[in-house]
There are 2 protein chains.
Amino acid sequence: MKHNSENYRSNCPINFVLETFGDKWTLLIVRDLMFKSKQSYGEFLHSNEKISTNILADRLQKLEFAGVVIKEVDKKNKSKLLYFLTEKGKDLLPIMLEITAWSSKYDNKSNTPNRFIQALEEDKVGLSLNILEQIP
Amino acid sequence: MKHNSENYRSNCPINFVLETFGDKWTLLIVRDLMFKSKQSYGEFLHSNEKISTNILADRLQKLEFAGVVIKEVDKKNKSKLLYFLTEKGKDLLPIMLEITAWSSKYDNKSNTPNRFIQALEEDKVGLSLNILEQIP
DNA sequence: CTGTATCCTTAGGGATACTG
DNA sequence: CAGTATCCCTAAGGATACAG
């Protein structure tokens with residue numbers, strides 16, 4: 001695995017996030033951490049999109065390297081590892097909310113609960129994470 | 001070129017945007033249309049990130065197919081084609097703004113003008129597009 | 001269970017030539 | 001200028017086996 005943090009294609013802020021999240025998998029891991037309270041390798045592995053094990057390991061490393069995620073030993077089970085969002089990772093919340101809002105408007109198949117949409121409209125950002133656990 | 005609109009991996013709203021924008025190039029075209037007033041093939045081609053011609057043609061087709069962009073003949077020059085964001089495309093603005101805000105916080109190299117950041121903080125969404133032309 | 005490693009196929013993408 | 005087409009290489013990723 002390689003970390004390409006040095007050779008950015010430009011100094012554009014849009015490009016900056018693409019360097020880390022510009023693929024089909026990385027943001028799904030963030031979603032699982034942020035909205036689904038998943039925190040272990042196996043939980044990520046069994047998401048609907050069926051990420052394969054090598055890709056998952058690669059993306060977790062990249063997210064860790066990017067400072068979006070940290071890995072810790074489970075205090076209750078020393079042989080288990082848990083992943084957590086850092087502050088930098090949690091700060092992706094507004095982006096995730098806007099993405100959800102856009103999809104909810106334009107994808108008739110995306111089944112975001114209405115009560116979530118409503119909460120979104122009432123208080124665009126700064127939502128508590130609890131309400132988000134309802135997202136499919 | 002193929003359009004994979006049918007075989008979504010899931011009905012998740014996060015996944016929905018990844019199906020269209022989950023790569024390193026597509027969002028840069030949206031950026032050029034939204035923030036840089038670019039509207040022709042050649043203008044996209046000469047962005048800092050140096051997209052190659054085949055990729056650009058492919059992504060423009062996909063964006064058109066996704067209803068994010070429309071292509072029209074330039075009324076002043078019949079042999080010229082112009083691209084525009086649709087309403088669906090313009091609705092990506094809040095996502096783009098949140099992305100910019102996040103990058104500005106975490107990328108010391110991303111040179112977003114301070115006056116833009118300030119405007120962002122004062123009025124999180126619903127900005128006029130004019131102010132955004134200042135983004136590099 | 002949490003990963004690594006390997007094998008192999010496909011998709012992404014750079015370079016360049018070419019066409020209307 | 002606005003693309004298409006082709007060649008070719010590399011990166012992404014699926015499947016599966018294996019290890020701690």
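Order of the sequence lines fixes the chain letters, A, B, ..., with proteins taken first and strands second; residue numbering starts at 1 for each chain.
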Integer-rounded Å distance: [N] [atom2] and [X] [atom1]:
X	N	atom1	atom2	result
B:Asp74	D:dG3	CG	P	12 Å
A:Ile51	D:dA15	CD1	P	13 Å
A:Leu56	D:dG13	CG	C1'	13 Å
B:Gln39	D:dC1	CD	C1'	15 Å
B:Leu63	D:dG3	CG	P	13 Å
B:Ile55	D:dC7	CD1	P	17 Å
B:Lys24	C:dG13	NZ	P	8 Å
B:Leu18	C:dG12	CG	C1'	17 Å

Is there a path of hydrophobic side-chain contacts, each under 4.5 Å between heavy atoms of I, L, V, M, F, W or Y residues, that connects [X] with [Y]?
X	Y	value
B:Trp25	B:Leu45	yes
A:Leu82	A:Tyr41	no
A:Ile14	B:Ile55	yes

Q: Look at the side-chain N and O atoms of B:Trp25 and state whether any lies under 4.0 Å from the OP1 or OP2 oxygen of C:dG13.
A: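 For C:dG13, OP1/OP2 do have a side-chain N/O of B:Trp25 under 4.0 Å.
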Q | N/O (side chain, A:Arg59) to phosphate O (OP1/OP2, D:dG13) under 4.0 Å | A | yes
Q: Only one of B:Leu33, B:Asp91, B:Leu63 passes side-chain contact (heavy atoms from CB on, under 4.5 Å) with B:Val68; say which it is.
A: B:Leu63
Q) Looking only at atom types and distance, does a side-chain atom of B:Trp102 sit under 3.5 Å from a main-chain N or O of B:Asp107, one as donor and one as acceptor? A) no
Q.
Under a plain distance cut-off of 3.5 Å, with no hydrogens placed, do A:Ser47 and A:Lys38 share a side-chain donor-acceptor pair?
A.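 Judged by distance alone, the side chains do pair up.
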Q: For each nucleotide in nucleotides 2-9 of chain C, reading 5' to 3', give B when a protein heavy atom comes within less than 4.0 Å of its base, S when such contact involves only the sugar-phosphate, and - otherwise.
A: SBBBB---
